[in-house]
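Here you go, one structure.
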Protein chains: 2
Amino acid sequence: MPYDPSAFPPFAVTVDLVVLTVRRHALCALAVRRGEEPYKGMWALPGGFVRANEDLATAAARELAEETGLRAHDQGSRSPGAHLEQLATYGDPDRDPRMRVVSVAHLALAPDLPSPTAGGDARSARWAPVDALLGVGDAEVREGEYKSPLAFDHGDILAAGVERARSKIEYSSLATAFCPPEFTVGELRRVYEAVWGVVLDPRNFHRKVTGTPGFLLPSGGTTTRQGGRPAQLFRAGGATLLNPPMLRPEV
Amino acid sequence: MPYDPSAFPPFAVTVDLVVLTVRRHALCALAVRRGEEPYKGMWALPGGFVRANEDLATAAARELAEETGLRAHDQGSRSPGAHLEQLATYGDPDRDPRMRVVSVAHLALAPDLPSPTAGGDARSARWAPVDALLGVGDAEVREGEYKSPLAFDHGDILAAGVERARSKIEYSSLATAFCPPEFTVGELRRVYEAVWGVVLDPRNFHRKVTGTPGFLLPSGGTTTRQGGRPAQLFRAGGATLLNPPMLRPEV
DNA sequence: GCAATAGTGTCTATTAGACAATATTTC
DNA sequence: GAAATATTGTCTAATAGACACTATTGC
């Protein structure tokens, strides 16, 4: 296998982003409207070319900042920002009709943002429930075919990102990435309920999360923003891997 | 963000393979010796360029066949072959000194093969214990620096593949990918012990794996190839996700 | 018999889940 | 007081892990 630097097929490399948040009890993803062919007018995931001297993670963080204004923090940082990790790479030769494009998809988890499209191209970006973007439930089974309204293979990418998020909040403290810096146990429970699409017992959930070492740190304050008895405020603890894990209920 | 197909930086895209197997009670990886600069004479992971009209998974399967003669089966196939899945993508601008190369790493799990290098470039490929390739244990901590003998960033890639395998055999039936088509509970246990680097109780292990629905299917025969009382032979069952999972012992 | 591995049974400490009861706020 | 949410406590069925014991081979 001789390695001839002048005889390799040229590729374009992009990063695409699955940016998830929880809004109004629903798991939502950031979608941008395409202004050009192909797939003109359809929704797509945000993304763009990797620059000539740019790492993949840097490119993903740059795109995230351009689209949302969020700064990515890699692991364990406490700054107000988003969790960002690599998801998977998509390189089917026909995935883009114009040329050979390999896309390194990334997954970002963000707290609910004040404005859906703070920076950048405002009127062409929005948060949409992932069920709608994946074509779940809005159409009956028409000859077994579910149609995603997303361009390219972005429906596949979004599905992979959602599944990664659903499984990863089981055994890591990643669910706190959907919460503001200070949050209550009830708010964290509503994150789990939205991401998994289930209803959890508030009493067992409370015992579980407060009993898992390193998951939550009491910040001292209380809040009553949910109504009812004031709840303690917590910050994310240092633990990244939860032991014992939060178990997703059986189907 | 205008999308100009003529103004994208060109990349080379390769696939690199972490091929794992269990030999003589040790987790081993396939390594090839580099015949050219840079890193001439060092060990590296097998890999190569993705062709112009080739999918990433196809390229990985082709490289795997070229290096080992193994055919990859994606999910759930029963043919004698290897498990193959995408691992992660590495694209640091400086990872290859010659040019900008993005490598899509894949993880392959294979049963112990009769000959280390059946096909291809025989004398320059071998199975090596992953601990040796990662520089674990063979040198004392010299100023906190562990040196992997692998070229490029292949030490990082191998470490990621090993960790993926270690965690994935917990909650999936992937450990059977290290076994021949028919195997005993004791052989499967030795796979877990080699991959995790622990000693497991044979009695509890037996109860656990035979009690997990869909994990193992009795094939009817017995064998005595391990000495002692003859053991039942099993095949991998249809289940891919184990419930309950096999729990790795605490550290 | 002895050594080795396979396989079954039993006991205990821990845990997940169901759900009762109490606490503290707003209306 | 009624309604809502937070928080603690209790009970039970299931389970992981420790380990005794039996089974079946080769020597």
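Keep in mind that this is a model prediction, so the values were computed, not measured. In what follows, chains are A, B, ... by sequence order, proteins preceding strands, each numbered from 1.
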Quiz item: For the pair made of CD in A:Q232 and C1' in C:dT25, what is the distance, rounded to whole Å?
Solution: 15 Å
Exercise. Please lay out, stage by stage, how A:Q232 and A:T222 fare under the test side-chain hydrogen bond (donor to acceptor under 3.5 Å, both in side chains).
Key: CA-CA 4 Å; A:Q232 275 191 83; A:T222 61; over 6 Å; no
Exercise. Could you work out which one of C:dG7, C:dC19, C:dA6 sits closest to the side chain of A:N204?
Key: C:dC19
Quiz item: Which whole-number value in Å describes the distance from B:R189 CZ to C:dA4 C1'?
Solution: 12 Å
Quiz item: How would you give the extent of chain A contacts on DNA chain D, as first and last nucleotide 5' to 3' within a 4.0 Å heavy-atom cut-off?
Solution: D:dA4 to D:dT10
Quiz item: Hey, does A:L84 have a side-chain heavy atom less than 4.5 Å from the side chain of A:H106?
Solution: yes
Quiz item: What's the spacing between A:D156 CG and A:L158 CG if we round to 0.5 Å?
Solution: 9.5 Å
Quiz prompt | Most 5' of A:P230 and B:G228 on DNA chain D, judged by nearest nucleotide | solution = A:P230
Quiz item: Do B:D16 and B:H154 touch side chain to side chain, with heavy atoms closer than 4.5 Å?
Solution: yes
Quiz item: Between B:F205 and B:Y192, is the gap from one ring center to the other below 6.0 Å?
Solution: yes
Exercise. Name the closest nucleotide to the B:T184 side chain, picking from C:dT10, C:dA6, C:dA18.
Key: C:dA6
Exercise. Could you say whether A:R203 or B:D201 is positioned toward the 5' end of DNA chain D, judged by the nucleotide with the nearest heavy atom to each?
Key: A:R203
Quiz item: Is the shortest heavy-atom distance from the side chain of B:D112 to the side chain of B:V22 under 4.5 Å?
Solution: no
Quiz prompt | Whole-Å gap separating P (C:dA16) and CE (A:M246) | solution = 9 Å
Self-check item: Integer-rounded Å distance: C:dA6 C1' and B:R207 CZ
Solution: 15 Å
Quiz item: How long is the line joining CZ of B:R190 and C1' of C:dA6, in whole Å?
Solution: 11 Å
Quiz item: Nearest heavy-atom pair of A:V130 and A:C28: which atoms, and what distance?
Solution: CG1-C, 4.0 Å
Exercise. Describe the nucleic acid contact of B:P244 in one word from base, sugar-phosphate, nothing, applying a heavy-atom distance below 4.0 Å.
Key: sugar-phosphate
Practice problem: Map A:R229 and A:L247 onto DNA chain C by nearest heavy atom, then report which one ends up closer to the 5' terminus. | Solution: A:L247
